[in-house]
Visitor: 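Structure below; questions to follow.
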Amino acid sequence: MATKLDPHHLVALMCYTFKDNQDSSPRRLDPSLHSLQGGIVDSHETNVRTFRILDALAHISVSRKESQVVAIGLQLNSRKQEIRLTVAENEKVTDGLVNHLTKIWRKLQVLSVEYEKNRGGRWDKSELRSPEMPKKVGRSLKMGIFRDIYQYSLEKQMRRIDKWSKGLRRFMKELLKRRVFLHLQGFELSLYKAVVALLLAVEVVSKLHDNPKDQLTESEWELAYSQSILANKHVKIVLADRKESGCEILAQELGDHLSQDPFQLRRALEKLTSLSRHIETLFGFAHSPRLRPALRYRLFTSAVPKKAHTVELPTSPEEWKSFLEVACDKHYDFQETHAVELAESFGSSKWVCPVHCECGLIQYLHAKQGNQWDYVPPFSYIGVSKLSCSACRIWIETFNEQSGRRFYTRCSHGKWYWPWGIPRTEGPLVGVMARKVLDEYLAYLESHKLLRSNLESSCGSSDGASHGLSDDDEKDAEAVGAAIVQDRGGGGLGFFDDK
């Protein structure tokens, strides 16, 4: 029987346990609880705004329709006026991704310079907004950035469109059947405007999907850009309605009417506007005087090398049963069934487990690379194109505890994925992480009444070594008790009579 639990085995176990369902871990990062080290300026409020920008940069770096996640780290050397973006993927970072990111950054720099020229020193920092540049200049620069990002991310965006646009059309058609169009107002009117703008933009860019060799005309890109930005405005209003529950209320109403599950209206709107929403975040980045230092400095980019581990899992029900008994510190009946299902689920003993991008990036930034950036502290927030999985959440928590450094992503989606690789397979962090994953597994078992809680357990005393009877004394005491029971009624019932 194994005596040491490998965190890879435990992550595989958790993936089986939750089967694409979310665990009960907290989802959101509260920036107010963290010290944001390595910030752009000496201002918590300004540095918090950088979160969305790093996430946006990661999001626009995704081009493949599936199985691609990107993480981005930031370092800024104000003395040398240099900035470095470090990019990581679950797979290998391509030159095309680095070139795309560099190209967009430089265009944002041009846009930022134009804003600064128009400001001309007239901006008062007490004002909420700085002056806008001439409409024609700004629109042309923004549309160029929009087009470059859309063309790079087209494959991914078309996957979102294919998945959500038909359902959204059907939903709106049903809504309009039940309402008189002229009577639409408030939330429903904003929803109508949002969907119309969305679908107009979708129809234009879908031409590229149908005929990738074709090129859109300038007027078509203009339409796609303007309708996408308009959709962002109305979707923002829709998602905030009735304390962020308006979508769910309306979807439930129509679902009840059609006797079917509610349409995921909120998710459809979020997914279909995700690319243009992040593009608009980057426009805000270029417009911000407070964030201008990041776009004024010389840019360096680097890529984290791909890293993966070959992991051997148990292959037979007997091996999985042995593993479960070690994990639970005891045999339970449910382990027989679970062991058979685990052997069927994972089959092969050898798995190539990629290191997820946010963990690989953090490990890379923490280690010495033998260059000038070893002495520039990275920004503690890591931008990600997708929420972190639960295994990454636990690894980052453990890393922060063990290293003394602090890194964060925006939140976790609470799901477990396999294969998953730990960045380093040696050192105390590995054992601590294994313990944390095991604790969550045992908590799950207890919540489902499969495992007794510690208070109910018959394990050894919390005082340390056992101070009970010896084996011989225990047998003697049982014999004495049996004799007394016999004297008071034979079968034992008389022993429990009222005295």
Side-chain angles (χ1 to χ4, degrees), residues 52-74 85-112 139-165 198 201-218 220-229 231-232 270-286 295 299-304 306 357 361 383-386:
R52 295 174 60 239
I53 294 163
L54 289 173
D55 285 332
L57 289 171
H59 190 91
I60 68 159
S61 298
V62 175
S63 59
R64 298 194 300 272
K65 64 180 180 181
E66 57 187 10
S67 302
Q68 185 183 17
V69 187
V70 177
I72 292 184
L74 171 72
L85 297 178
T86 304
V87 189
E89 280 197 57
N90 291 1
E91 301 296 329
K92 181 182 178 181
V93 177
T94 65
D95 291 340
L97 190 159
V98 174
N99 292 338
H100 168 68
L101 193 59
T102 302
K103 177 182 179 181
I104 296 304
W105 186 273
R106 287 173 177 164
K107 289 199 170 188
L108 290 172
Q109 288 178 317
V110 173
L111 185 59
S112 177
R139 191 178 184 87
S140 176
L141 290 171
K142 289 179 181 179
M143 199 174 76
I145 294 170
F146 175 89
R147 178 173 51 207
D148 289 343
I149 292 174
Y150 232 99
Q151 287 177 323
Y152 182 82
S153 299
L154 181 65
E155 186 177 333
K156 181 67 175 180
Q157 183 65 0
M158 290 312 306
R159 179 175 173 82
R160 299 184 187 107
I161 290 171
D162 291 342
K163 183 174 181 179
W164 294 105
S165 63
L198 258 177
V202 163
E203 287 177 3
V204 174
V205 297
S206 292
K207 293 181 180 181
L208 292 175
H209 179 56
D210 298 334
N211 299 287
K213 294 183 180 180
D214 291 349
Q215 296 294 321
L216 297 183
T217 65
E218 196 71 16
E220 286 174 326
W221 276 119
E222 171 70 28
L223 178 62
Y225 165 78
S226 60
Q227 293 300 319
S228 295
I229 301 303
N232 287 350
E270 288 176 337
K271 286 295 185 180
L272 289 172
T273 58
S274 61
L275 185 59
S276 57
R277 187 174 68 250
H278 286 298
I279 292 173
E280 202 167 2
T281 293
L282 296 179
F283 293 161
F285 176 29
L295 285 169
L299 175 69
F300 293 84
T301 57
S302 62
V304 177
K306 176 184 176 181
C357 55
L361 175 59
V384 288
S385 63
K386 184 178 181 179

Visitor: What's the shortest heavy-atom distance between Val70 and Cys357, and which atoms?
Guide: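 Looks like C-SG, 3.8 Å.
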Visitor: What distance separates Ser276 OG from Leu198 CG, expressed to the nearest 0.5 Å?
Guide: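 Rounded to the nearest 0.5 Å, the OG-CG separation comes out at 7.0 Å.
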Visitor: Does any N or O in the side chain of Ser153 come within less than 3.5 Å of the main-chain N or O of Val62, such that one atom is a donor and the other an acceptor?
Guide: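 Looks like yes, one N/O pair under 3.5 Å.
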Visitor: So which atom in Ala56 and which in His278 form the shortest heavy-atom distance, rounded to 0.1 Å?
Guide: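 Heavy atoms only, the tightest pair is CA-ND1, 3.5 Å.
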Visitor: Treating Ser61 as the side-chain partner and Leu57 as the backbone partner, does any N or O pair qualify as donor plus acceptor under 3.5 Å?
Guide: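 Checked: pair present.
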Visitor: Lys271 vs Lys163, test: side-chain contact (heavy atoms from CB on, under 4.5 Å). Steps then yes/no.
Guide: CA-CA 9 Å; Lys271 286 295 185 180; Lys163 183 174 181 179; over 6 Å; no
Visitor: Okay, side chain of Ser165, backbone of Asp162: is any donor-acceptor separation there less than 3.5 Å?
Guide: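 A pair under 3.5 Å: no.
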Visitor: Out of curiosity, Leu101 CG to Leu299 CG, how far, rounded to the nearest 0.5 Å?
Guide: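 The distance works out to 7.5 Å.
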Visitor: Does the pair Ile72 and Thr86 meet the rule for a side-chain contact (heavy atoms from CB on, under 4.5 Å), with working shown?
Guide: CA-CA 6 Å; Ile72 292 184; Thr86 304; over 6 Å; no
Visitor: For residues 143-150, run the donor-acceptor check on the side chains, cut-off 3.5 Å, and write out each pair with its distance to 0.1 Å, sequence neighbours left out.
Guide:
unit_1, atom_1, unit_2, atom_2, d
Arg147, NH1, Glu218, OE1, 3.2
Asp148, OD2, Lys107, NZ, 2.5
Tyr150, OH, Gln157, NE2, 3.2

Visitor: Apply side-chain contact (heavy atoms from CB on, under 4.5 Å) to residues Thr281 and His59 and explain how you reach the verdict.
Guide: CA-CA 11 Å; Thr281 293; His59 190 91; over 6 Å; no
Visitor: Quick one: side chain to side chain donor-acceptor pair (under 3.5 Å) partners of Gln68, sequence neighbours excluded?
Guide: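 Gln68 satisfies side chain to side chain donor-acceptor pair (under 3.5 Å) with Glu89 only.
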Visitor: What residues, two or more places apart in sequence or in another chain, satisfy ring-ring contact (aromatic ring centres under 6.0 Å, His included) together with Trp105?
Guide: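 ring-ring contact (aromatic ring centres under 6.0 Å, His included) list for Trp105, sorted by chain: Phe285.
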Visitor: Check whether Lys156 reaches the backbone of Lys65 with its side chain - one donor and one acceptor, N or O, closer than 3.5 Å.
Guide: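 Looks like yes, one N/O pair under 3.5 Å.
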Visitor: Measure the spacing between CZ of Phe300 and CG of Leu85 and express it to the nearest 0.5 Å.
Guide: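 Those atoms lie 11.5 Å apart.
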Visitor: Tell me, with the steps shown, if Gln215 and Gln151 meet side-chain contact (heavy atoms from CB on, under 4.5 Å).
Guide: CA-CA 10 Å; Gln215 296 294 321; Gln151 287 177 323; 3.8 Å; yes
Visitor: For residues Ala224 and Val204, report the shortest heavy-atom separation together with the two atoms involved.
Guide: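 Shortest heavy-atom separation between Ala224 and Val204 comes out as CB-CG1, 4.1 Å.
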Visitor: Keeping to residues at least two apart or across chains, list the side chain to side chain donor-acceptor pair (under 3.5 Å) pairs with something in residues 91-101.
Guide: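 Output for this query lists Glu91-Lys306.
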Visitor: Once rounded to the nearest 0.5 Å, what's the spacing between atom CZ of Arg160 and atom CD of Glu155?
Guide: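 Separation between the atoms: 11.5 Å.
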Visitor: Where do Met158 and Val205 come nearest, in terms of heavy atoms and distance?
Guide: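 Scanning both residues completely, I find the closest heavy atoms to be SD-O, 4.2 Å.
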Visitor: Could you state the interatomic distance from OG (Ser228) to CG (Leu223), rounded to the nearest 0.5 Å?
Guide: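 CG of Leu223 is found 8.5 Å from OG of Ser228.
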Visitor: Roughly how far, to the nearest 0.5 Å, is the CG atom of Leu111 from the CZ atom of Phe283?
Guide: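 Phe283 CZ to Leu111 CG: 7.0 Å, rounded to 0.5 Å.
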Visitor: Take atom CZ in Arg64; do more than 12 heavy atoms of anything else shown fall under 6.0 Å from it?
Guide: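 For Arg64, atom CZ is crowded (more than 12 foreign heavy atoms under 6.0 Å).
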Visitor: Run the side chain to side chain donor-acceptor pair (under 3.5 Å) test against Thr273 and tell me which residues pass, sequence neighbours left out.
Guide: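 For Thr273 the side chain to side chain donor-acceptor pair (under 3.5 Å) partners, ignoring immediate neighbours, are Arg277.
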Visitor: Please name the pair of heavy atoms, one in Ser206 and one in Ile161, separated by the smallest distance, quoted to 0.1 Å.
Guide: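 Scanning both residues completely, I find the closest heavy atoms to be OG-CG2, 4.3 Å.
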Visitor: What is the minimum heavy-atom distance between Val93 and Val87, and which atoms define it?
Guide: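 In terms of heavy atoms, the two residues are closest at CG2-O, 3.7 Å.
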Visitor: Applying salt bridge (Lys or Arg N to Asp or Glu O under 4.0 Å), name anything that partners Glu203, two or more places apart in sequence or on another chain.
Guide: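 Expected list: Arg169.
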